[in-house]
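Worksheet: the structure to be examined is printed underneath.
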Amino acid sequence: MVSINPFADLKRQCRDALRDAILKIYSGRTPSDIPLNIPPDFRFGQLTSSICFELSKDIKTKPLEIAEKISEGIMDELHRYNLIERVKAEGSGYINFYANFKELSALAINSARRLDDEYGYVKTNEPKIIIVEHTSVNPVHPIHIGQARNSVLGDSIARILTARGHKVSRHYYIDDVGRQSALIAYGYEKLGRPKPEGKPDHFIGMIYSITSCLVEIRRLKKEIERKEALADSEELNRLRKNLDEWISVAAELESKYPEKFNHLLKVLSEGDVDPEHEIAELNQKYEAGDREAKELIREVCKICLEGFKETLGRASIFFDSWDWESDFIWSGDVKRCIENLKRKAYVYEKDGALEFDGEKVAQELGLKEKLGLREDYEIPSLTLVRADGTTLYTTRDIAYSIWKFSIADKVINVVGMEQTLAQLQLKLALYALGHVNEASNLVHFAYNLVNLPGHRMSSRRGRYVTFDEVMDEAARRAYNEVSKRSPAMPEEEKRSVSEAVGIGAVKYALIETDPIKPVVFTWDRVINFEKNSAPYIQYSHARACSIIRKAQIEVGEDTDYSLLKERLEHELVMMIARFPEVFIDSADNLKPNAIADYTLSLADKFNGFYARYPVIKADSSALSRARLGLVDAVRIVLRNSLNLLGIEALERM
RNA sequence: GGACCCGUGGCCUAGUCUGGAUAGGGCAUCGGCCUCCUAAGCCGAGGGUCGGGGGUUCGAAUCCCCCCGGGUCCGCCA
């Protein structure tokens, strides 16, 4: 017997048994919903129902009495349910189901072993074409650890949905339009389009920081001059303080990159240059499709993206499609979008700019309740087009979203929580354009920031920790551990193991916390090799592999799993049986952290078992075989879970 | 100012959607365990007004209301 979801089988039997017994004993009562939960302690069985508390209201009998009657009724019919061993009324009125482990162990272990690398990945009845857009870091500086949270979550979601049977495509949206891109391109151009030294994205990031800093200082100085004339002392103080901050950033940059810094300083100090204006102009030219601007900006972006691919590839994160934002402008899609919105009369002009009235859309289409908004909440308007004719990020995103829906049924945008309003306005724009279905299939998967202790990360001020350096440090620390623990391991394997362990630790740390909660970055939190970590899980997996490797016994499907009598063995069987259900919940509710949590508990249980019960040297060879089957099933589930998180399941470490 | 999110032992965190039995882990602290499948491990101890107050319920960390604390957003930035 093989089941794709053994725990669901057990649950179904319990539910059927309950329903039949209730119908028989209290005729006429057909409980619409039968609550069935996992009891707080294994001693109370494997499933429990609190339905008697409900029934006691109608029946006017104590819950425990009802529970006893129902339990007896079920016991009489027990021959019909192979996975239930006994039923007992306990506590103040719970009906506790005790699983038949002879059957359940065989079912769970054999199913896991037979289905192997597909075990747990229960396929949906409604497969969809899904686009997961994630990462999409602006190509102007390296990916920092906060943005890596996006990549890791997005990648895991894509893996989970693929395993669920959806056709998933991972998209990176390259934000090459806008001031930031123009700014870095400007600095790069002023330096004479230098050949990258070192890692390309770090090189671009350096130029970006210097250019941005120098331009900002220049702007602040000009503004201070203006304000001095007006003698606005309060505003002046604020500006001077701001300027001081940037000057200290400049000093830092100069000492780090003296050659490039002074080169740019010299070029930008020449009397006739006006960087602000030139950058804005470059941005306009780029949107207009000017050949030189296109060549320049694309060149800079590509250099940076080369670095991103290296970083993400190291973390086993890959994309199916790299979508250039500018393409949607040049193709006319963005323009058509704006025209259509104008036709729908959801836009208006304000000081030469074009505004989108999301509030009006929500009201006329009666969307507030549906979108979970208060009726009295007024949705702020969104600027679609600047007075100078250039577009804004969200405007382009509307056109991009429509394109995505031309090739997908569902779109999941992994985007920071701070963009909740923009994502709402985007959705409203789709409604406004009559893309009702699309709008409701547009999902904003929001996640919170990774903050430095005391302040947030700021790309502009260069206050961030890069994903690269975190991976470097993690692999370095892992290497020390591996060398200490496995000195005999060949050097090459030490390297690959420490890479997998270090990166696994970082990924796990970014996935394990509920995405909605902010994370404070500390090295010890992100690079943790102890109990609450990927290495702990990887280690458990390696231990399971090691047992199997050393046992060298074939375990057939006729193995007698009734020999597994220890509570820990039963708990492990239950966890194996429950994996498919955990997976379905995680996939359908987009909860990668639920997989992380489950996997850790499984590893935890397994380590308890490992320390206490010998497998190879068990009391009998039959018991040894049964335990070996169990270990193999644990190994399979650990590996399958780690795969969903994008963490390598190592066989040795 | 308004809207949204978060608040669980010293620190980090699960559980909250879908109410159920003594609130589950980890770090740190203390005490044990390598003649036996990898000690990145195992076993044990102490430590909790689930931010506060009301309410609903047989039953509330979980649902409702009020308050407090923290974060985010309210840009012709992304």
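Order of the sequence lines sets the chain letters (A, B, ...), proteins ahead of strands, with each chain counted from 1.
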Quiz prompt | Sorted by number, the residues of residues 378-389 of chain A with heavy-atom contact under 4.0 Å to RNA chain B | solution = A:P380, A:T383, A:R386, A:A387
Quiz prompt | Test side-chain hydrogen bond (donor to acceptor under 3.5 Å, both in side chains) applied to A:K335 - qualifying residues, sequence neighbours left out | solution = none
Self-check item: Contacts of A:D376 that satisfy side-chain hydrogen bond (donor to acceptor under 3.5 Å, both in side chains) - sequence neighbours left out
Solution: A:R374
Quiz prompt | Length of the CZ-P vector between A:F606 and B:C37, whole Å | solution = 13 Å
Quiz item: Can you name the side-chain contact (heavy atoms from CB on, under 4.5 Å) partners of A:A89, sequence neighbours left out?
Solution: A:L64, A:A67, A:E68, A:S71
Quiz item: Can you tell me how far P of B:G25 sits from CG of A:L602, to the nearest Å?
Solution: 16 Å
Practice problem: Sugar-phosphate means primed atoms, P, OP1 and OP2; the rest is base. With that split, encode nucleotides 7-19 of chain B 5' to 3' as B, S or - using protein heavy atoms under 4.0 Å. | Solution: S----SSS--B--
Quiz prompt | Contacts of A:E473 that satisfy salt bridge (charged side-chain N to carboxylate O under 4.0 Å, His left out) - sequence neighbours left out | solution = A:R476, A:R477
Quiz item: Tell me, which of residues 616-632 of chain A have any heavy atom that sits under 4.0 Å from an atom in RNA chain B?
Solution: A:I616, A:K617
Quiz prompt | Euclidean distance for P, B:G24 against B:C50 (whole angstrom) | solution = 14 Å
Quiz prompt | Residue pairs, two or more places apart or on separate chains, that pass salt bridge (charged side-chain N to carboxylate O under 4.0 Å, His left out) and touch residues 443-459 of chain A | solution = none
Quiz prompt | Pairwise P distance for B:G53 and B:U62, with rounding to whole Å | solution = 12 Å
Practice problem: Could I get the full list of salt bridge (charged side-chain N to carboxylate O under 4.0 Å, His left out) partners for A:D597, not counting sequence neighbours? | Solution: none
Exercise. State which residues pass side-chain contact (heavy atoms from CB on, under 4.5 Å) with A:V519; sequence neighbours excluded, sorted by chain then number.
Key: A:R149, A:V450, A:T513, A:R525
Exercise. Only counting residues at least two apart or in another chain, list the ones meeting side-chain contact (heavy atoms from CB on, under 4.5 Å) with A:A185.
Key: A:L282, A:L296, A:I297, A:V300
Quiz item: Which residues pass the salt bridge (charged side-chain N to carboxylate O under 4.0 Å, His left out) test with A:R627, sequence neighbours left out?
Solution: A:E569
